[in-house]
Amino acid sequence: MSSFRLLPIIILLLFFSILIPLHVFCQAPAAEWGNVPMSDLTMSSFPNDTNATAVVLFDIGETHMNDELDLEFTRFTRIKILKDAGFSWGTQSAILYTKDNYQQISDIEGATYTLGGDGKILKNEIDDKAIFEEKLDDYRTKFKFTLPKLSAGCVIEYKFKIRSTSWNFIEDWTFQHNEPVLWSEYTVRIPPQIHYDGVTRGYEKFFVNEVTDAPQSFHGDASAYVHANPVRCNQYHWVIKDAPALRSEPYVTSIQDYASKAELQLSAYIDRQSGVPVKVLKDWESVVNELLISPRFGRRVEVSGDVRRTADAAMNHVVPQLDKVKSIYDYVRRTIVWNGTNGLTVYQTPDEVLKTKKGSIADITFLLLSMLNAADIPCYPVVLSTRDNGQIQLVYPIVNQFNYVIAGVTLNGAEIYLDATDPHRPYDVLPFKVIGTQGLIVRQGPVQWATMATKKKYVQSTTAAVSLSAEGKIEGTVDGLADGYAAVNSRDDLDSKSRNEIAEKIFSTKGSGLTIDSTLIEGEESSESPLKFHSRVVGEDYAQSSAGLLYVNPLVVNRWLRTPFATPVRKYPVDMGYGSVISTSIVLTLPKGYQLRELPRDQMITFPNNALSYTQSITPEGNTIHLTARFEVNESEFSPRLYSRVRDFYSQMISAQNIQLVLEQASKKPK
């Protein structure tokens with residue numbers, strides 16, 4: 001069985017969380033509808049986060065069972081809008097499962113508060129015409145409302161109620177957002193006959209995190225069900241205060257993976273009619289077995305006559321097993337067009353996919369599996385959650401966490417994972433969106449998980465020959481080779497970008513002072529071969545002249561102009577997905593009569609275990625300057641405790657690359 005990497009987040013079982021005494025409740029905000037303190041309205045900035053466009057003053061939610069044993073969820077939120085960019089907080093929405101009235105929203109109220117010229121508070125309430133419904137499909141409806149009279153400096157508040165007739169639709173709670181939150185509180189009160197499993201996760205410390213008994217009186221059907229009045233309900237209560245903004249940063253999977261949350265899942269209950277306990281939350285073995293027998297999943301591996309004939313034609317009598325896999329994979333990726341739809345549901349049979357030549361990720365994967373089956377290649381589906389969809393929570397053995405399916409192949413004792421949705425990607429290169437994710441293998445036997453790891457790197461090498469004039473103009477040629485993910489990324493751009501734009505991206509010349517005026521690319525016809533770039537470059541004012549001296553940066557390509565790690569502190573990992581190797585060789589011809597005033601020292605910047613490295617060397621030869629540089633990323637993920645060292649490494653590398661050579665005329669050199 002493949003090992004499953006522990007999630008890099010704090011996961012605490014709710015049932016062991018009696019941590020904070022009751023006296024802390026006196027520190028809660030005075031959350032009274034319409035009672036907006038003058039201090040909130042006069043607030044003009046938020047010193048703790050000068051980038052904040054809004055501040056959530058409080059966000060309070062509560063879920064309980066009503067007398068019909070329906071779930072009732074209420075939310076009351078107040079927000080300070082600091083800048084025009086914070087107006088997006090004035091529009092709120094909720095997507096509900098409205099088929100058969102499973103969920104209903106009601107009691108929507110909202111108001112915007114501003115200060116008038118006389119210093120008095122003006123209140124503008126939401127109009128019913130500002131509340132909209134949009135039917136998304138046969139099952140879901142989106143409800144949206146917008147607060148009136150938004151302006152920088154205003155305070156908005158809103159509240160609403162959601163009623164759910166299904167116990168599965170209990171609301172989760174997110175304590176962190178992309179702006180600071182001063183107080184976020186969620187309370188859930190449930191009769192003991194109904195049981196939920198739950199987790200809290202994230203990096204922020206809980207101000208309150210407890211489970212207590214709380215009395216509640218029921219009437220009607222609910223009274224008969226709970227057998228007591230009042231009944232001692234299980235009450236879960238969480239508070240996080242002063243939560244910092246959670247904003248997306250470079251090299252992160254899904255930023256929501258790291259938000260502080262409380263998540264609940266119905267696990268068991270006493271049946272209303274029979275009084276028999278019913279287990280809802282199953283184990284992963286049950287999930288796998290249900291997928292295997294599903295007519296829209298496991299049973300869609302179908303080896304029809306057309307599938308067999310297509311597989312035979314694709315293999316064209318090749319004998320080695322790996323060549324058979326590659327031939328079938330190549331046929332599917334080049335012939336079938338992905339329609340952009342994710343999910344596990346297989347909408348078409350393999351025969352239908354062969355006919356329509358397009359399909360969802362599940363349609364394409366199950367055609368691939370059917371053709372591999374026809375060739376007697378051991379294979380199976382693998383379900384996973386893409387990087388932007390969020391990490392799988394092991395405590396919830398439910399299939400809805402997954403949004404993607406690829407093919408797994410067992411060959412010579414090794415496992416190969418295939419995603420045939422991109423015509424430009426060779427068989428041994430996985431898409432970035434699945435790298436590092438955990439896949440659940442769907443086949444008979446013990447439950448197995450696999451990490452979607454890759455040995456492929458972003459590989460790019462560049463050779464440049466450029467000449468500098470006494471006026472500061474630079475021109476010449478740049479040749480490059482892109483392999484691995486560098487080639488895949490560039491091929492993905494071939495249909496949407498010009499050749500010069502692709503070269504600008506691969507050589508990192510944007511903002512450097514160079515312009516690429518022509519580009520030839522070789523190797524486009526074969527996705528398994530590297531791409532070769534041949535470009536001409538020019539920069540009219542590349543070098544600066546002052547007092548008879550020329551100042552020039554010889555690193556004309558592959559230069560980092562700014563660090564991707566701007567924030568001084570980071571609480572979640574740096575996840576690059578794959579490694580990199582970028583090598584650069586440049587020959588710079590100096591203007592006639594000029595020479596290098598001083599030779600700069602070589603640079604060697606390293607990281608523990610060679611996880612990151614950068615070397616740079618400059619050598620003069622006659623009227624030329626030779627520069628070589630090499631940047632390597634050998635580990636794709638760095639823990640938060642290493643963040644400051646990663647940040648320092650990039651800062652040192654950028655400083656080294658920002659070198660300025662001083663050129664002077666030989667006749668003016670001091671004796």
Side-chain angles (χ1 to χ4, degrees), residues 292 294-383 404-431 434 441-443 456 487-488 491-492 494-495 522-531:
L292 285 171
S294 170
R296 289 282 186 175
F297 193 82
R299 295 199 180 278
R300 277 294 169 90
V301 178
E302 303 171 6
V303 184
S304 65
D306 284 346
V307 168
R308 191 175 298 280
R309 284 188 290 272
T310 303
D312 289 342
M315 291 184 292
N316 195 24
H317 306 295
V318 297
V319 175
Q321 292 286 81
L322 180 58
D323 288 347
K324 291 181 179 181
V325 172
K326 291 168 62 176
S327 297
I328 290 173
Y329 171 85
D330 287 342
Y331 172 85
V332 175
R333 72 178 169 94
R334 290 170 178 162
T335 307
I336 311 301
V337 177
W338 178 45
N339 63 16
T341 301
N342 291 339
L344 308 190
T345 301
V346 185
Y347 296 97
Q348 305 177 81
T349 66
D351 283 349
E352 290 170 337
V353 178
L354 288 173
K355 183 177 180 180
T356 62
K357 296 291 190 292
K358 62 182 178 180
S360 67
I361 176 60
D363 294 334
I364 293 173
T365 295
F366 275 84
L367 171 62
L368 177 61
L369 290 167
S370 297
M371 292 177 66
L372 291 169
N373 248 298
D376 295 323
I377 304 290
C379 59
Y380 48 86
V382 181
V383 295
Y404 210 73
V405 55
I406 61 175
V409 174
T410 303
L411 209 59
N412 300 322
E415 307 300 323
I416 302 173
Y417 301 106
L418 307 173
D419 179 327
T421 56
D422 186 345
H424 302 128
R425 194 171 56 245
Y427 84 99
D428 57 350
V429 177
L430 285 169
V434 309
I441 294 174
V442 183
R443 63 182 173 190
K456 289 286 182 177
V488 169
R491 283 193 172 92
D492 285 341
L494 287 172
D495 296 332
E522 297 181 60
E524 295 182 39
E525 65 285 347
S526 173
S527 63
E528 295 191 7
S529 63
L531 285 176

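- Of all heavy-atom pairs spanning Ser327 and Val318, the tightest one is OG-CG2, 4.1 Å.
- Contact check for Thr421 versus Arg333: no side-chain heavy atoms found under the 4.5 Å cut-off.
- Taken from NZ in Lys355 to OG1 in Thr349, the straight-line distance is 10.0 Å, to the nearest 0.5 Å.
- For the pair Lys326 and Glu528, the minimum side-chain heavy-atom distance is below 4.5 Å.
- Within the model, atoms OH of Tyr329 and CG of Leu372 stand 11.5 Å from one another, a figure rounded to the nearest 0.5 Å.
- Side-chain contact between Leu292 and Phe297: absent, with no pair of heavy atoms (C-beta onward) separated by less than 4.5 Å.
- Arg300 contributes no side-chain N or O that, together with a main-chain N or O of Leu367, makes up a donor-acceptor pair within less than 3.5 Å.
- The shortest distance between side-chain heavy atoms of Thr410 and Cys379 does not fall below 4.5 Å.
- Note on Asp312 versus Arg309: no salt bridge recorded, every NZ/NE/NH1/NH2 to OD/OE distance being 4.0 Å or above.
- Between Met315 atom CE and Asp330 atom CG the span is 13.0 Å, to the nearest 0.5 Å.
- Taking OG from Ser526 and CG from Leu531, the interatomic distance works out to 9.5 Å, rounded to the nearest 0.5 Å.
- With sequence neighbours left out, the side-chain hydrogen bond (donor to acceptor under 3.5 Å, both in side chains) criterion links Glu302 to no other residue.
- The side-chain heavy atoms of Val383 and Tyr404, taken from C-beta on, include no pair separated by under 4.5 Å.
- Ion pair Asp428/Lys456 flagged as a salt bridge, since at least one NZ, NE, NH1 or NH2 atom sits closer than 4.0 Å to an Asp/Glu carboxylate oxygen.
- Rounding to the nearest 0.5 angstrom, the gap separating the CZ atom in Phe366 from the OH atom in Tyr347 is 13.0 Å.
- The CG atom of Asp363 sits 8.5 Å away from the OG1 atom of Thr341 when rounded to the nearest 0.5 Å.
- In this structure, Ile441 and Tyr417 have side chains that are in contact, with non-hydrogen atoms separated by less than 4.5 Å.
- The shortest side-chain heavy-atom distance between Arg299 and Ser294 does not fall under the 4.5 Å cut-off.
- The two residues Gln321 and Asp376 have their closest heavy-atom pair at NE2-O, 4.2 Å.
- Side-chain contact between Val382 and Arg443: absent, with no pair of heavy atoms (C-beta onward) separated by less than 4.5 Å.
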